[in-house]
Peer 1: 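The structure that follows is given in the form of structure tokens.
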Amino acid sequence: MSETTEKKSTYDPKAIEDTYYKLCEARGYFEIEGNEEIQEAGKTFSIMMPPPNVTGSLHIGHALTFTLQDIITRYKRMDGFKTLWQPGTDHAGIATQNIVEKQLLAEGTTKEALGREKFLERAWLQKEISGGNIVHQMRKLGVTPAWKRERFTMDEGLKEAVKEAFVSLYNEGQITQDTYMVNWCTHDGALSDIEVEHEEVNGKFYTMIYKFADGSGELEVATTRPETYFGDTAIMVHPNDTRYKDIVGKEVLLPLTDRKIKVITDTHVDMAFGTGVVKVTPAHDQNDYAVGQRHKLEMIKVFDEKGILNEYCGEFAGLERLEARPIIVKALEEAGHIVKIEDHIHQVGHCYRCKNIVEPFISTQWFLSSDMAQASIQKTKDETKARSEKGSSLFHPPHWINSYTAWMDELRPWCISRQLWWGHRIPVFTCDDCGHQWADKADQPEACPKCSSQKMTQDPDVLDTWFSSALWAMSPLGWGNNGKMSETYNDTDMVDFYPNSLLITGFDIMFFWVARMMMMGEHFQKELPFKDIYMHALVRDEHGAKMSKSKGNVIDPLDMVEEHSADIIRFTLAYLAVQGRDIKLGAKNLEQFRNFTNKLYNASNYLQLNVKSFKDLQEIEIKTPLGRYMQSRLALAVQEVRETLERYKFNESASILYNFVWNEFCDWGIEYSKADRESVVELGAIFKETLKMVSPFMPFISDYLYHKLSGTTLEEGKSLMVMSFPKEIKRDEESEKMFAIIEESIRALRRAKVVIDMGNSKIDKAYIKLDKTIHIDTKMAKPFIQKLAKVEEITFVDAKVADSITDVSDNLEVYLPTGEIDMTPIITKLTRQKEKLEKEIQKLNGMLNNEKFVANAPEAVITENRQALEDAQNKIHKVSAELNNFS
RNA sequence: GAUCGCGUAACUCAGUUGGUAGAGUACUUCCUUGACAUGGAAGAAGUCGUUGGUUCAAGUCCAAUCGUGAUCACCA
């Protein structure tokens, strides 16, 4: 109940973030020319946002990927690059169609009742409603894509690009129609191989009896899907299996229906597994399909595209395949055809959208040949090799290349047709009169190119959503847009921004998306679409569990923005974004960086207690020793932040910023300045420069503090986001050395004071003896030491002061005069220090006495160790001497 | 089954050309001193999973092994 006494010492993001964002967006900062004033000739940077599903809402994975993309984009923008971060949304065929179908169901109707045209109107309506939703949520994170260029994968221009690509590939013979066994979801239709998720399922293993047609006995056959046996067209055994030699060529009767099938041999059979007798159901099993083709077996489908059993199933016709299973099993059991039912754990394919069990199913679909990917595969390998010789990589982290190439090397034809209404309609037409089939970019071709008939029928299916996103690296740059949507791109875009500088995305869509963009980009542009590919990991909860709605452990990024701020969630994610490692996110992480924003805020408060407003670093000359020192430390931080960002080590960049601000600028810089008020004006300029570096990570608080410290406002001034990122600040070795000694003196004095239990109190006198090799301006150093070590008067001496306690450190000794105090803690401390030094000396001696070490190690390492040994010996000498004083 | 991660302080994790192990949190002791208690000072804490190997030198490179996770591929 202390709200009345509570001090206003915290930063309030709520008042800032929305306002600043709107202001910056309205000024066009996010667009390509937003940083016009600082753009440098020839520097371009581009990154395409992985388009979120138009029906989706923002989740924590989005927050991570968009934060990282935004950080790198803001950094490049500030660093003088002409920068494009291309935003957009994806039409997400199956997902969106499912949502609309559910809505219709709730209204008591169906898409069939509505008709294709009306249904698509509904889908577009849904797109308009929820498509705006996610892009507005994204703004809450403070991300800065070029919103004016926002695209949708089914907009007028991108439709053109899809047709351009399809027609071209069709005419090259890369896209063909084929009747083949595909992955079939009885709800969503055909799926590509990677849209099937294999999950372990506790199923049953049914052993059935098939009787020989000639009445000479029976066979035991095992299956996991008994309902498919109606489609059996053979029984097979291994040709070398002596157990079944005599039955080959015989006929068996299918239970209940008594259809006759033959026993054949095929090497596909594993003699050791089960009974060694396998039923062959070519229309409903991948392997059996191949067997069926080899043996020219009849392909009997036992259910239709909705999974409803047909006339081949006798009395069970009309039942749904999965519902029919127990009913069929019961009938078989009653008729004595089941020998046993065992538990069986096996992998079953599920639809990645609706989780329905996927069936192998024969159907006529469109396929994109894997041939067209070969060039991209070879180039990826070449590029990886070339980069690795330079110590770099195409993928970040580099190990992803293994999974990538392994998958690409086994690439199979891609089933690109989908039995949906929502999506890019396949631009293939068949002439009603002459039967000619062709692909056409026109939505309604005028006439059949062969017979000029005007009667034609377009393929009813649409393309896999990933077909259009496969073009995303180039289609928003105008590629294939046929002049449409031209207000969203420039004619020079392909030159400026292709290949894209960088792709940032999750590894989970590496095959769905990255691989497909690689093949399309290389095929059409003869150049891989990305210079760098960064794969980020998964965000998990604080216990390392995957977040899911059913577990209830989902962290909503919008809630976090509400509770903390966009800045805090951004910095937290960046700090935790270690390459190749999943992120465990908990409340504690956020707290750490909430404290950090508070630190920034209070540092600036302190500066303004002394000086009202500060100039930029470029506008002033740094004169004070402290100013020179802090500037030099900033120079190092700038260099390191740049290096780590260039390598996409977001966690390291964030950690360098954190350490510089807190452990260097605040803990030392600000504290020192209390001994030298003149330097505050310089520290303010240095802090403002630091805020520029913070800006890509925490854009709001940095802008706010920058303007506060400048005595300006964002409303009337420029944002940090379009100012130059710090660059090439001079190091000052002399200053750094001097302040290292000052710091060492302060730490030594504090240690010594703790020993005499005066840790927090001011003492009157203390002495410092610097090693002979150390030469600093003691007059200058003195006030800093006195202030921070809380000593009234420091005296530099050349010899040990009598009646004092001593602290021995690397380059100096300090002495505190003693009255009547208890010496035991001091003796304990010194003894411990001595033991530690002895160990160190032993280790160093061991190294240096080793002839091989001296012969082989680089000169620098040897001198370094010699020096270390000498230092340690000196130190132990002093410590021993000190101990002797007490004994 | 194949491929790839991960195993470092009590906890969560950093640690790239091999050169005497770091952070945050938690912990111990102390401090409301004039930016900040969402803070400050001092401190304790690790056989770097295990075993070998290469090397003058291994958390780092290699091999094996244990634990753990992911992806791909699978047998009716």
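This one's a predicted model, so the numbers in the text were calculated from it and none came from an experiment. Each chain gets a letter, A, B and so on, in the order its sequence line appears, and its residues count up from 1.
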Peer 1: Nearest whole angstrom, please: distance from the C1' of B:A23 to the CG of A:Leu657.
Peer 2: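 Distance, rounded to whole Å: 15 Å.
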Peer 1: Please give the distance between the P atoms of B:A2 and B:A64 as a whole number of Å.
Peer 2: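 One P to the other, the span is 12 Å.
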Peer 1: So does A:Lys14 pair up with A:Asp12, basic N to acidic O under 4.0 Å?
Peer 2: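 Result for this pair is no, no salt bridge flagged.
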Peer 1: Yes or no on ring-ring contact (aromatic ring centres under 6.0 Å, His included) for A:Phe512 and A:Tyr352, after CA distance, side-chain angles and deciding distance?
Peer 2: CA-CA 12 Å; A:Phe512 283 108; A:Tyr352 86 133; 5.3 Å; yes
Peer 1: What integer number of Å spans the C1' atoms of B:G22 and B:G67?
Peer 2: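 So the two C1' atoms sit 25 Å from each other.
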Peer 1: Of the options B:A73, B:U12, B:G19, whose atoms approach the side-chain atoms of A:Val861 most closely?
Peer 2: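 In terms of side-chain proximity for A:Val861, the closest of B:A73, B:U12, B:G19 is B:G19.
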Peer 1: Using the side-chain heavy atoms of A:Thr223, tell me which of these nucleotides is nearest: B:A76, B:G43, B:U12.
Peer 2: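 The answer is B:A76, which lies nearest to the side chain.
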Peer 1: The side chain of A:Asn850 lies closest to which of these nucleotides: B:A35, B:C56, B:G5?
Peer 2: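 So the nucleotide nearest the side chain must be B:C56.
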Peer 1: I'd like the C1' distance from B:G7 over to B:G46, given in whole Å.
Peer 2: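 Each nucleotide's C1' atom is 14 Å from the other's.
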Peer 1: Under 3.5 Å, side chain of A:Ser565 to main-chain N/O of A:Ile568, donor-acceptor pair present?
Peer 2: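 Judged by distance alone, yes, a pair lies under 3.5 Å.
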Peer 1: Expressed in whole Å, how much space separates the P atoms belonging to B:C61 and B:C48?
Peer 2: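 Each nucleotide's P atom is 15 Å from the other's.
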Peer 1: Side-chain N or O of A:Asn865 versus OP1/OP2 of B:G19: is the shortest distance under 4.0 Å?
Peer 2: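 Answer no for this pair, as no side-chain N or O of A:Asn865 is under 4.0 Å from OP1 or OP2.
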Peer 1: Please pick, from B:G19, B:A35, B:G15, the nucleotide with the shortest atom-to-atom distance to any side-chain atom of A:Met847.
Peer 2: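 Of all the options, the side chain of A:Met847 is nearest to B:G19.
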Peer 1: Pick the C1' atom in B:A58 and in B:G18, then give their distance to the nearest Å.
Peer 2: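 B:A58 and B:G18 have their C1' atoms separated by 6 Å.
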Peer 1: Rounded to whole Å, please give me the gap between OH in A:Tyr575 and C1' in B:C13.
Peer 2: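 Distance check: A:Tyr575 OH to B:C13 C1' gives 9 Å.
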Peer 1: What nucleotide among B:A35, B:G24, B:U71 has an atom nearest to a side-chain atom of A:Gln592?
Peer 2: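 The answer is B:G24.
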Peer 1: In whole Å, what is the span from the NE2 atom of A:His396 to the P atom of B:G5?
Peer 2: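 One finds 16 Å between P of B:G5 and NE2 of A:His396, rounded.
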Peer 1: Does a nitrogen or oxygen in the side chain of A:His399 sit under 4.0 Å from OP1 or OP2 of B:C6?
Peer 2: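 So the side chain of A:His399 is outside the cut-off, no N or O lying under 4.0 Å from OP1 or OP2 of B:C6.
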Peer 1: Which of these passes side-chain contact (heavy atoms from CB on, under 4.5 Å) with A:Leu219: A:Ile235, A:Val237, A:Ile209?
Peer 2: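 Among A:Ile235, A:Val237, A:Ile209, the one meeting side-chain contact (heavy atoms from CB on, under 4.5 Å) with A:Leu219 is A:Ile235.
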Peer 1: I want to check one thing: is the phosphate of B:A41, taken as OP1 and OP2, less than 4.0 Å away from some side-chain N or O of A:Arg751?
Peer 2: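 So the side-chain polar atoms of A:Arg751 never come under 4.0 Å of the phosphate oxygens OP1 or OP2 of B:A41.
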Peer 1: Among B:A73, B:A35, B:G19, which nucleotide sits nearest the side chain of A:Gln347?
Peer 2: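 Out of B:A73, B:A35, B:G19, the nucleotide with an atom closest to A:Gln347's side chain is B:A73.
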Peer 1: What interatomic distance, in whole Å, is found between P of B:G24 and the corresponding atom of B:G19?
Peer 2: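 Rounded to whole Å, the distance is 23 Å.
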Peer 1: Does A:Phe650 have its ring centroid less than 6.0 Å away from the ring centroid of A:Phe697?
Peer 2: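 For A:Phe650 and A:Phe697, the ring centres are not under 6.0 Å apart.
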Peer 1: For the C1' atoms, the ones on B:U20 and on B:A57, what distance do you get once it is rounded to whole angstrom?
Peer 2: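 Nearest-Å result for B:U20 against B:A57 at atom C1': 11 Å.
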Peer 1: Can you tell me, in whole Å, how much space there is between the P of B:U47 and that of B:U60?
Peer 2: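 Pairwise P distance, B:U47 against B:U60, rounds to 16 Å.
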Peer 1: Any chance you could encode RNA chain B as dot-bracket? Rule is Watson-Crick or G-U wobble with both distances under 3.5 Å; [ ] for pairs crossing earlier ones, | for another strand.
Peer 2: (((((((..((((.....[..)))).(((((.......))))).....(((((..]....))))))))))))....
Peer 1: Side chain of A:Tyr658: nearest nucleotide among B:G19, B:G24, B:A14?
Peer 2: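 Ranking B:G19, B:G24, B:A14 by closest atom to the A:Tyr658 side chain puts B:G24 first.
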Peer 1: Answer with yes or no whether A:Glu410 presents, from its side chain, a donor or acceptor under 3.5 Å of a partner atom in the base of B:A2.
Peer 2: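 No, no donor-acceptor pair under 3.5 Å.
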Peer 1: What nucleotide among B:A76, B:U20, B:G40 has an atom nearest to a side-chain atom of A:Trp662?
Peer 2: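 Output: B:G40.
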Peer 1: Determine the interplanar angle of the A:Phe660 and A:Phe665 rings, folded into 0 to 90°, and report it as parallel if under 30°, tilted if 30 to 60°, perpendicular if over 60°.
Peer 2: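 A:Phe660 vs A:Phe665 ring planes: tilted.
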Peer 1: Before we go on, tell me: are the rings of A:Tyr404 and A:Trp400 under 6.0 Å apart, centre to centre?
Peer 2: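 Not under 6.0 Å, so no.
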Peer 1: Inspect the contact between A:Glu792 and A:Lys762 and indicate whether a charged nitrogen and a carboxylate oxygen are less than 4.0 angstrom apart.
Peer 2: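 Salt bridge between A:Lys762 and A:Glu792, a charged N being under 4.0 Å from a carboxylate O: yes.
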Peer 1: If you check the A:Arg750 side chain, which of B:A76, B:A41, B:G19 turns out closest?
Peer 2: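 Of the options given, the side chain of A:Arg750 lies nearest B:A41.
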Peer 1: When you measure from the side chain of A:Asn402, which nucleotide among B:U20, B:U71, B:U3 comes out closest?
Peer 2: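 Nearest nucleotide to the side chain: B:U3.
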Peer 1: Apply side chain to side chain contact (heavy atoms under 4.5 Å, CB included) to A:Tyr534 and A:Gln579, showing your working.
Peer 2: CA-CA 9 Å; A:Tyr534 176 95; A:Gln579 283 188 15; 3.7 Å; yes
Peer 1: For B:C31, does OP1 or OP2 lie under 4.0 Å from any side-chain N or O of A:Lys753?
Peer 2: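 No.
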